[in-house]
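Written below as structure tokens is the structure these notes are about.
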Protein chains: 2
Amino acid sequence: MRPLFHPAIEDIRPDAILYALSDPERAAIFAWLAGAGCGGTCSALADLGERTIPKSSLSNHFKVLRESGLIRSERQGVEMRNQTRCAELDERFPGLIRAILTAYGQLPPEMNTD
Amino acid sequence: MRPLFHPAIEDIRPDAILYALSDPERAAIFAWLAGAGCGGTCSALADLGERTIPKSSLSNHFKVLRESGLIRSERQGVEMRNQTRCAELDERFPGLIRAILTAYGQLPPEMNTD
DNA sequence: ATCAACAGTTCCGAATTTCTGAACTACGGA
DNA sequence: TCCGTAGTTCAGAAATTCGGAACTGTTGAT
């Protein structure tokens with residue numbers, strides 16, 4: 001398996017972020033990761049929504065999220081730990097992630113600063 | 001020509017907005033409209049960026065923006081007047097449009113509230 | 001009224017992208 | 001070593017996007 005690619009923070013492009021999160025399934029995965037604290041795995045959410053997502057599709061969703069710069073993935077034994085890059089992202093694109101998750105009605109409690 | 005469809009504010013979906021603005025060309029058009037005050041026409045920006053956008057593509061970009069709820073288009077004589085729905089949108093999705101335009105580095109001065 | 005010019009839309013085929021089942025790789029445990 | 005689990009890659013089918021050419025609707029001129 002070739003090593004996982006993660007863009008440097010300065011190479012992250014807003015169009016890639018918007019594209020990645022324009023798929024409700026991916027947005028739900030991202031929101032779930034943002035709320036899960038840390039280390040959400042792939043198989044943990046095979047049926048996050050109403051349908052069962054095929055694992056090849058799930059793998060692809062994670063790849064899109066990773067390569068757009070939204071998450072960081074790291075192999076840990078047999079499974080893959082994923083975490084968001086929210087802190088970095090908020091520095092580069094202030095308010096963006098929060099506004100998007102809020103628009104989806106999926107802002108996790110710990111990201112709420114009201 | 002069939003009448004132009006504009007979604008009601010409550011039918012606007014965040015995924016459609018993100019999708020529409022995930023195309024840098026469309027985002028530039030939208031930013032330009034947001035800054036143009038009001039009434040930007042289609043042909044006025046055949047070459048907004050470095051390349052000349054074919055008019056069928058331009059027409060399609062406007063359709064995507066319109067049907068996602070980002071802009072309102074109205075025929076005025078022979079041409080089409082377009083304006084953003086920023087005010088409505090900001091009520092429905094607080095901070096979203098601003099954060100996106102800022103991320104693209106295209107927040108027009110009049111939307112700046114710092 | 002007819003015609004020409006212009007702004008934009010629609011149509012449709014080519015190219016690109018997305019989706020997902022099946023085969024495959026990687027790791028850990030017995 | 002062999003098995004099970006987690007996830008990736010491959011490849012073909014389906015869906016989407018792109019853009020040139022033809023078309024529609026409006027205005028202004030003759």
Side-chain angles (χ1 to χ4, degrees), chain A residues 1-6 13 15-30 32-33 36 38-68 71-83, chain B residues 1-6 13 15-30 32-33 36 38-68 71-83:
Chain A
M1 186 180 43
R2 56 182 79 102
L4 302 175
F5 171 72
H6 294 90
R13 309 194 58 222
D15 57 320
I17 300 234
L18 297 192
Y19 174 73
L21 295 179
S22 72
D23 179 318
E25 219 157 60
R26 266 192 308 260
I29 293 170
F30 181 76
W32 179 77
L33 284 178
C38 146
T41 68
C42 200
S43 58
L45 42 65
D47 46 16
L48 190 64
E50 53 280 355
R51 95 186 166 108
T52 298
I53 307 173
K55 64 178 184 165
S56 58
S57 304
L58 214 37
S59 177
N60 189 56
H61 283 329
F62 276 99
K63 183 181 177 194
V64 172
L65 290 171
R66 184 166 57 241
E67 301 195 340
S68 69
I71 66 171
R72 219 177 261 292
S73 313
E74 181 183 0
R75 178 147 226 162
Q76 201 125 67
V78 75
E79 58 189 22
M80 194 71 92
R81 300 263 134 194
N82 297 285
Q83 57 192 297
Chain B
M1 188 178 43
R2 55 183 80 102
L4 301 175
F5 172 70
H6 294 90
R13 311 194 57 222
D15 57 321
I17 300 233
L18 298 192
Y19 173 74
L21 295 180
S22 71
D23 179 319
E25 219 156 60
R26 267 193 306 261
I29 292 171
F30 181 77
W32 179 76
L33 284 177
C38 142
T41 68
C42 200
S43 59
L45 43 63
D47 45 15
L48 191 64
E50 53 280 353
R51 98 188 164 106
T52 298
I53 307 172
K55 63 179 185 165
S56 60
S57 303
L58 214 36
S59 177
N60 188 57
H61 283 329
F62 276 97
K63 184 182 177 193
V64 172
L65 290 171
R66 183 167 56 241
E67 300 194 341
S68 70
I71 66 172
R72 219 177 261 292
S73 313
E74 181 184 359
R75 179 150 225 163
Q76 200 126 66
V78 74
E79 56 189 23
M80 194 70 94
R81 300 263 134 193
N82 296 285
Q83 57 192 296

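A, B, ... follow the sequence lines: proteins, then strands. Residue 1 opens every chain. In this text, all values refer to a predicted model and were calculated from it rather than measured experimentally.
- The nearest heavy atom of DNA chain C to B/Lys63 and to A/Asn60 marks one nucleotide each, and the one closer to the 5' end goes with B/Lys63.
- For the pair B/Ser59 and C/dG8, the criterion of a side-chain N or O lying under 4.0 Å from OP1 or OP2 is not met.
- A/Gln76 has its CD atom 15 Å from the C1' atom of D/dG7, to the nearest Å.
- If you take NE2 of A/His61 and P of D/dT9, they are 16 Å apart, rounded to a whole angstrom.
- Rounding to the nearest 0.5 angstrom, the gap separating the CZ atom in A/Arg75 from the CZ atom in A/Arg81 is 12.5 Å.
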All N/O contacts under 3.5 Å from nucleotides 1-6 of chain C to the protein, with atom names and distances to one decimal?
none

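- Taken from NZ in A/Lys63 to OG in A/Ser68, the straight-line distance is 12.5 Å, to the nearest 0.5 Å.
- Rounded to an integer number of Å, the gap from CD of A/Glu74 to C1' of C/dC27 is 15 Å.
- Note: CG (A/Leu65) to C1' (C/dT18) measures 15 Å, nearest angstrom.
- Distance A/Arg26 CZ to C/dT17 P: 14 Å, rounded to the nearest Å.
- Nearest to the side-chain atoms of A/Arg75 among the listed nucleotides D/dC18, C/dC27, C/dT9 stands C/dC27.
- Remark: A/Ser22 engages no residue in a side chain to side chain donor-acceptor pair (under 3.5 Å) (not counting sequence neighbours).
- Atom CD1 of A/Ile71 and atom CG of A/Leu4 lie 9.5 Å apart (nearest 0.5 Å).
- Within the structure, a side-chain polar atom (N or O) of A/Ser57 is placed less than 4.0 Å from OP1 or OP2 of C/dT20.
- In this structure, B/Asp15 atom CG and D/dT16 atom P are separated by 14 Å, rounded to whole Å.
- With rounding to the nearest 0.5 angstrom, the CD1 atom of A/Ile17 is 14.0 Å from the CG atom of B/Leu21.
- With rounding to the nearest 0.5 angstrom, the OG atom of B/Ser57 is 6.0 Å from the CZ atom of B/Arg51.
- Atom P of nucleotide D/dG7 and atom CD1 of A/Ile71 are separated by 11 Å, given to the nearest angstrom.
- Comparing C/dG8, D/dC18, D/dA6 against the side chain of B/Met80 picks out C/dG8 as the nearest.
- Shown here are the salt bridge (charged side-chain N to carboxylate O under 4.0 Å, His left out) partners of B/Asp15, two or more places apart in sequence or in another chain: B/Arg13.
- The base of C/dG21 sits with one of its N or O atoms less than 3.5 Å from a complementary donor or acceptor on the side chain of A/Ser56.
- In this model, the phosphate group of C/dT20 is approached by a side-chain N or O of A/Arg51 to a distance below 4.0 Å at OP1 or OP2.
- Out of C/dT9, D/dG25, D/dT8, the shortest distance to the side chain of A/Lys55 is found at D/dT8.
- Rounded to a whole Å, the CG atom of A/Leu58 is 11 Å from the C1' atom of D/dA6.
- Along DNA chain C, the nucleotide nearest A/Asp23 and the nucleotide nearest B/Arg66 are compared for position; the residue whose nucleotide lies closer to the 5' end is B/Arg66.
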